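Quick notes on the structure that follows.
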Protein chains: 2
Amino acid sequence: MERANEDLTAKARIRDAALRLFAEQGFEATTIRGVAAAAGVSSGLVRHHFGSKEALRDACDAHALDHAMAVKEEAILAGGLADSTFMAAVYPSMLLMQRYLARSLVDGSPSAAALFDRMVDVTEQWAQAGRLPTRPADPRAFAAALVAMQTGLLMLHDQVSRALGADILDASGNLRLGRAVLDIYTHPLLTEDQAAQARAAYDQLQARQPLSSASSAAAPHVGGGRDGEGPRT
Amino acid sequence: MERANEDLTAKARIRDAALRLFAEQGFEATTIRGVAAAAGVSSGLVRHHFGSKEALRDACDAHALDHAMAVKEEAILAGGLADSTFMAAVYPSMLLMQRYLARSLVDGSPSAAALFDRMVDVTEQWAQAGRLPTRPADPRAFAAALVAMQTGLLMLHDQVSRALGADILDASGNLRLGRAVLDIYTHPLLTEDQAAQARAAYDQLQARQPLSSASSAAAPHVGGGRDGEGPRT
DNA sequence: CAGTCAGCTACACACTCGTGTAGTCCTTCC
DNA sequence: GGAAGGACTACACGAGTGTGTAGCTGACTG
């Protein structure tokens with residue numbers, strides 16, 4: 001399924017190498033010479049084909065978006081298996097594209113930021129459409145948090161893989177992670193008592209510092225009780 | 001509560017500036033000269049106090065860990081409010097430390113990776129301790145996914161803030177995000193039917209490609225049905 | 001008062017980066 | 001056959017980086 005690298009044009013090889021390196025190392029840390037070496041060409045050729053490093057990034061952005069869209073449409077046209085799980089399984093390149101886009105968010109790519117907003121929009125509409133078992137109170141914040149959390153999984157690919165002892169981009173490790181995330185999304189992490197306690201704590205916080213500029217928690221407590229410490233230190 | 005910058009020694013000012021810049025821009029993109037300018041000193045003084053850029057990073061790592069641990073112990077000693085939510089609310093600097101550590105994960109800092117592993121360990125033990133309403137089938141993967149997702153929220157600080165139209169490090173935006181994450185963790189995102197359907201899809205995937213190296217999904221589908229597309233494209 | 005030493009600065013060096021330019025090779029078309 | 005043009009390389013340049021070194025200042029110490 002994966003096309004052989006030797007059959008590709010040099011321009012495509014450069015773009016693919018850049019996409020992979022950008023995803024793995026980030027935009028700043030990736031050098032044009034490194035891209036050229038990975039693609040098996042001279043550094044001058046990178047400039048010849050793409051003009052500048054920024055233009056190379058734009059080409060990668062466009063390619064990642066095009067690829068994701070094309071695969072998505074193809075999957076929709078092909079049948080009912082339009083959910084992203086199956087798509088990513090059938091098209092291994094999807095994960096690289098997603099990881100590239102996730103990394104672009106950290107690097108501050110404008111197009112990735114635009115995509116993030118779009119994903120939040122789509123998720124917000126999906127949350128408001130009533131497909132959820134429970135309608136969230138704040139669909140916008142709900143969507144933003146959900147998208148950011150899922151993206152975090154891709155960005156921390158190396159860390160998660162190391163903690164699991166298996167590459168989450170491989171079939172076995174990926175299935176394992178997928179089931180775990182499914183577990184998180186399926187079962188509530190807090191009992192009703194704990195949730196009520198947490199909500200009360202937020203109410204108290206909001207009442208105490210209604211207009212203060214002091215920061216509070218980005219990480220919600222997961223363990224509700226006294227010694228219940230969340231995953232975040 | 002926040003100490004005045006002018007009262008700090010130059011070494012402390014350099015460390016604080018480096019921590020903030022590392023958290024905002026990443027390690028590679030931050031220059032020693034930039035740190036020196038932010039601290040109001042010459043670039044040579046940075047080297048005089050810390051020896052090298054890597055040693056400066058180590059000092060920031062140690063400081064972030066020390067600060068987090070000290071605040072945590074103090075909170076535990078002070079009373080029952082040991083959960084991270086309240087701590088971060090009381091100690092605004094906690095969020096910066098967390099954001100720094102989250103960013104360090106992306107930049108590949110060894111000590112941040114060690115901290116990530118420790119957080120996964122703690123979360124795994126917490127998941128196995130039976131405090132959850134439902135015991136996860138794979139506590140290790142469950143914990144890794146949970147920690148990565150929460151960390152993702154901090155790493156995508158800018159993106160989430162933009163999508164919400166409010167800085168999530170400020171009180172109002174942070175409360176809003178906290179409630180949203182609480183919402184995610186409290187209510188299941190999938191109905192039982194959808195969850196069963198997703199599990200069946202994973203079983204089918206696992207049976208079809210038992211030992212293949214082809215990648216599958218890191219993003220689980222959230223919408224289960226035909227046109228149900230998850231937040232991830 | 002002289003000595004000392006940490007705090008601090010200014011400056012230079014080697015290196016790597018992105019970029020610019022000239023030139024070679026090879027295919028294509030008249 | 002020869003001109004033309006794209007694919008591709010080699011090399012040079014300026015800017016910015018981390019790092020090294022010499023020197024200045026002021027407080028403390030005998």
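Throughout, a chain's letter reflects where its sequence line sits, starting with A, and its residues are numbered from 1. Note that these values count all heavy atoms, side chains included, but never hydrogens, waters or copies made by symmetry. Source: prediction; values computed, not measured.
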Taking only residues two or more places apart in sequence, or in another chain, which ones meet [X] in a salt bridge (Lys or Arg N to Asp or Glu O under 4.0 Å)?
{"X": "B:Asp117", "value": "A:Arg162"}
{"X": "A:Glu28", "value": "none"}
{"X": "A:Asp66", "value": "none"}
{"X": "B:Asp167", "value": "none"}

Side-chain donor-acceptor pairs of residues 34-49 of chain B under 3.5 Å, sequence neighbours excluded:
unit_1	atom_1	unit_2	atom_2	d
B:Ser42	OG	B:Leu45	N	3.4
B:Arg47	NH1	B:Gly51	O	2.5

A:His49 or A:Ser43, whichever maps to the more 5' nucleotide of DNA chain D: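 So the residue in question is A:His49.
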
Partners meeting side chain to side chain contact (heavy atoms under 4.5 Å, CB included) with A:Glu24 (sequence neighbours left out):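 For A:Glu24 the side chain to side chain contact (heavy atoms under 4.5 Å, CB included) partners, ignoring immediate neighbours, are A:Arg20, A:Leu21, A:Arg99.
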
Residues which pass side chain to side chain contact (heavy atoms under 4.5 Å, CB included) with B:Asp138, listed by chain and number, not counting sequence neighbours: A:Arg176, B:Arg140, B:Ala141

Are there any protein N/O atoms within less than 3.5 Å of an N/O atom in nucleotides 21-24 of chain D, and if so, which ones and at what distance?
none

Start and end of chain A contact along DNA chain C [non-hydrogen atoms, under 4.0 Å]: C:dC17 to C:dG20

Where at least one partner belongs to residues 94-124 of chain A, residue pairs that pass ring-ring contact (aromatic ring centres under 6.0 Å, His included), sequence neighbours excluded: none

Ring pair (Phe, Tyr, Trp, His ring centres under 6.0 Å) partners for A:Phe50, two or more places apart: none

Atom pair OG (B:Ser52) and CG (B:Asp58), whose distance is rounded to the nearest 0.5 Å: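 It comes to 7.5 Å.
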
Sugar-phosphate only, base, or nothing, as touched by A:Ile32 at under 4.0 Å among non-hydrogen atoms: sugar-phosphate

End-to-end axis angle, where each axis spans five pairs of the helix from C:dC1-D:dG30 to C:dC30-D:dG1, to 10°: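 It works out to 10° between the end axes.
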
